[in-house]
Peer 1: 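Handing you this structure, nothing more for now.
By convention in this document, chain letters (A, B, ...) are assigned in the order of the sequence lines, proteins followed by strands, and residues within each chain are numbered from 1.
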There are 2 protein chains.
Amino acid sequence: MARTTGSHADITRPRIRAAALSLFARHGYAAVSMRQIARAVGVQAGALYNYTPDKQSLLFSLLKGHMDDLLAAFEAERFLGPPEQRLEAFTRFHIRFHLERAEAVFISYMELRNLTEENFTVIEELRRRYEAALEAILREGRQAGRFTVPDTKIAALAIIAMLTGVNTWYRSGGRLSQGEVEAIYWDMVRKSVS
Amino acid sequence: MARTTGSHADITRPRIRAAALSLFARHGYAAVSMRQIARAVGVQAGALYNYTPDKQSLLFSLLKGHMDDLLAAFEAERFLGPPEQRLEAFTRFHIRFHLERAEAVFISYMELRNLTEENFTVIEELRRRYEAALEAILREGRQAGRFTVPDTKIAALAIIAMLTGVNTWYRSGGRLSQGEVEAIYWDMVRKSVS
DNA sequence: GCTTGATTTGAACGGGCGTTCAGATACCCT
DNA sequence: AGGGTATCTGAACGCCCGTTCAAATCAAGC
C-alpha cells in the first residue's frame, strides 16, 4: 500500500516552496539555481522534481498561490457600508496583507517577466481583478457624490501603487507601528479622492 | 599616434550600454548573458571587455548614470514659488522624466539586489537625496501652513511610489495623453497633502 | 518482518556562463 | 606607403546550469 499519511512529501513540499520563495525574493528567479533551493531544503536537486515539473512551474505556483490568497482574503473581508468606510477597509487590508507576506509580494512584482507568456496572462488577470475591486469602490463613491475622482481606473492604480510602496521601506520595530502607518496612508488616500 | 576621433569606441560604447539597458530591462540582469549583449551589438563577447571590467560594473554604470541624470535634471529645473507650485512642478517633472526613460527606471528598481553591497550603497544614497528633495517641499509647505501632512518622510515616499507607478501602465498612444496623466496625478497629490 | 510503493540519491547529459588573451584587423597619422 | 595603436576576433578556461533516471533507501500496512 502507498504511504498516505505522514509521508515526506507533506513536509518536503512546503519546505521547497518556502525556500524557493525566500531565495527568489532575495536573489531573483534567474539568479537562483535548483541546486541552491535543494541545498536550502537539505536535499539533492533531483528530489525537487518530485514536486515540480520544472523551475518555471515552481515560480508560477508561488505567484498563483499568492494571488489566490490575496483574492480569497479580500473576498473574505466583505467590505460593507458607505464608500468611505469601504475605502478605509481596503486601505488597511491592503497594507496589512502585503506587509504580512513581503517576500511573496516582492516576487509577484519582480518576477512577472520571468513567467512564460501563458503563465503571465493568468497572473495578470488575477491582478486585474483585484484592481477592479478597488475601482468599483471608487466608482460607487463617485456616483454617490462622496468622492471626487477624475478617472477611477487611474486612481485605483495610483492608490495601489502608493500602498504597495509601504513594503519598500517598512520594517517592524521601526519608528512607526503598523497601525500608525495604516492611519497615515488612510489619511492620504481619503484626501486624494475627496 | 592613437586614433582619437571617429574611433569605434565612440560608437560601440553607447551601443553596448543601450543594448545592455534594453536587455536587462526586458529579461533581468541575471538572465542576460554577456554573449547576448554582444550579439545585440554585433560584436564578439570578448570585445565588451574593452568597455567594462565586468558585467557587474556595466549594471552599476547604467544605474549610476540614471540616478545622476535624474538629480541633474531635477536640479536644473530650479523649482521656485510657493509650496503648491513647487509640488506641482515636482509631480509633473517626476512623471515626465520617468516616462521618458522607462527602461532605466525599471532596472533601477528591479536590479538593486544584483548590485554588490558597495555599489548598492552608492545608488541608495542618490535615491535618498531625491526623496529628501521632495520631503523638503512638503516640510516647508507644512511650516507655511499650506499642507497638512502627518509625516513628511512617509508622504514623500508615498507620493513617489504613486507617481512612479505610472510607468507600469502608461503607454504612449493610449487613452490618455501624458499631459492628462500629469493633471490627474497632480490632482490626487495636491489633495492628499491638503 | 516482509512487501511495496513513495521518496531520495548520485551521477550523468548537453549546454551556456563570465572572463581572458594571443593574434588578427582596421584605421589614423606621419 | 607604412607604422602604430585602438579595436575586435575566436578559441579556450573552469564552472555551474536545468533536467533525467536507474538504483538505493525508507516507512507504512499486511
Peer 1: Just one of Ile95(B), Thr91(B), Leu176(B) clears the side-chain contact (heavy atoms from CB on, under 4.5 Å) bar with Glu182(B), so which one?
Peer 2: Ile95(B)

Peer 1: Using a 4.0 Å heavy-atom cut-off, does Val32(A) contact any base of the nucleic acid, only the sugar-phosphate backbone, or nothing at all?
Peer 2: sugar-phosphate

Peer 1: Could Arg101(A) and Phe97(A) be counted as a cation-pi pair, given that NZ or CZ must be under 6.0 Å from the ring centre and within 45° of the axis?
Peer 2: yes

Peer 1: What does Gln36(A) touch in the nucleic acid at a heavy-atom separation under 4.0 angstrom: a base, only the sugar-phosphate, or nothing?
Peer 2: sugar-phosphate

Peer 1: dT7(D), OP1 or OP2 - any side-chain N/O from Gln44(B) closer than 4.0 Å?
Peer 2: no

Peer 1: When the distance from CZ of Arg39(A) to P of dT8(C) is rounded to whole Å, what number comes out?
Peer 2: 18 Å

Peer 1: In whole angstrom, give the distance that lies between atom CG of Asp54(B) and atom C1' of dC17(C).
Peer 2: 14 Å

Peer 1: Can you measure Met34(A) atom CE to dT8(C) atom P for me and round it to whole angstrom units?
Peer 2: 14 Å

Peer 1: At less than 4.0 Å, is any side-chain N or O atom of Ser33(B) found next to OP1 or OP2 of dC17(C)? Yes or no.
Peer 2: yes

Peer 1: Could you tell me how far apart Arg13(B) (CZ) and dT7(D) (P) are, to the nearest whole angstrom?
Peer 2: 8 Å

Peer 1: Assess the side chains of Ser61(A) and Arg17(A): does a donor N or O sit below 3.5 Å from an acceptor N or O?
Peer 2: yes

Peer 1: Mind calculating the distance between CG (Leu23(B)) and P (dG18(C)) to the nearest angstrom?
Peer 2: 12 Å

Peer 1: Does dT7(C) have OP1 or OP2 sitting under 4.0 Å from an N or O in the side chain of Thr12(A)?
Peer 2: no

Peer 1: State yes or no: are the ring centers of Phe90(B) and Tyr130(B) separated by less than 6.0 Å?
Peer 2: yes

Peer 1: Grab the CG-C1' distance between Leu48(B) and dG10(D) for me, whole Å please.
Peer 2: 14 Å

Peer 1: Within this structure, what is the OH-to-C1' distance between Tyr49(A) and dA22(D), rounded to whole angstrom?
Peer 2: 18 Å

Peer 1: I need the CG-C1' distance between Asn50(A) and dA22(D), as an integer number of Å.
Peer 2: 14 Å

Peer 1: Any side-chain N or O of Tyr51(A) below 4.0 angstrom from OP1/OP2 of dT7(C)?
Peer 2: no

Peer 1: Between Ala47(B) and Ala45(A), which has a closest nucleotide on DNA chain D that is more 5'?
Peer 2: Ala47(B)

Peer 1: Anything under 3.5 Å between a donor and an acceptor, one on a side chain of residues 157-169 of chain A, the other on a protein residue two or more places apart or in another chain? List them.
Peer 2:
residue: Thr164(A); atom: OG1; partner: His94(A); partner atom: NE2; Å: 2.9
residue: Thr164(A); atom: OG1; partner: Ile160(A); partner atom: O; Å: 2.8
residue: Asn167(A); atom: ND2; partner: His98(A); partner atom: O; Å: 3.1
residue: Thr168(A); atom: OG1; partner: Gly165(A); partner atom: O; Å: 2.7
residue: Trp169(A); atom: NE1; partner: Tyr185(A); partner atom: OH; Å: 3.3

Peer 1: Pick the nucleotide of DNA chain C nearest each of Arg35(A) and Val43(A); which residue has the one closer to the 5' end?
Peer 2: Val43(A)

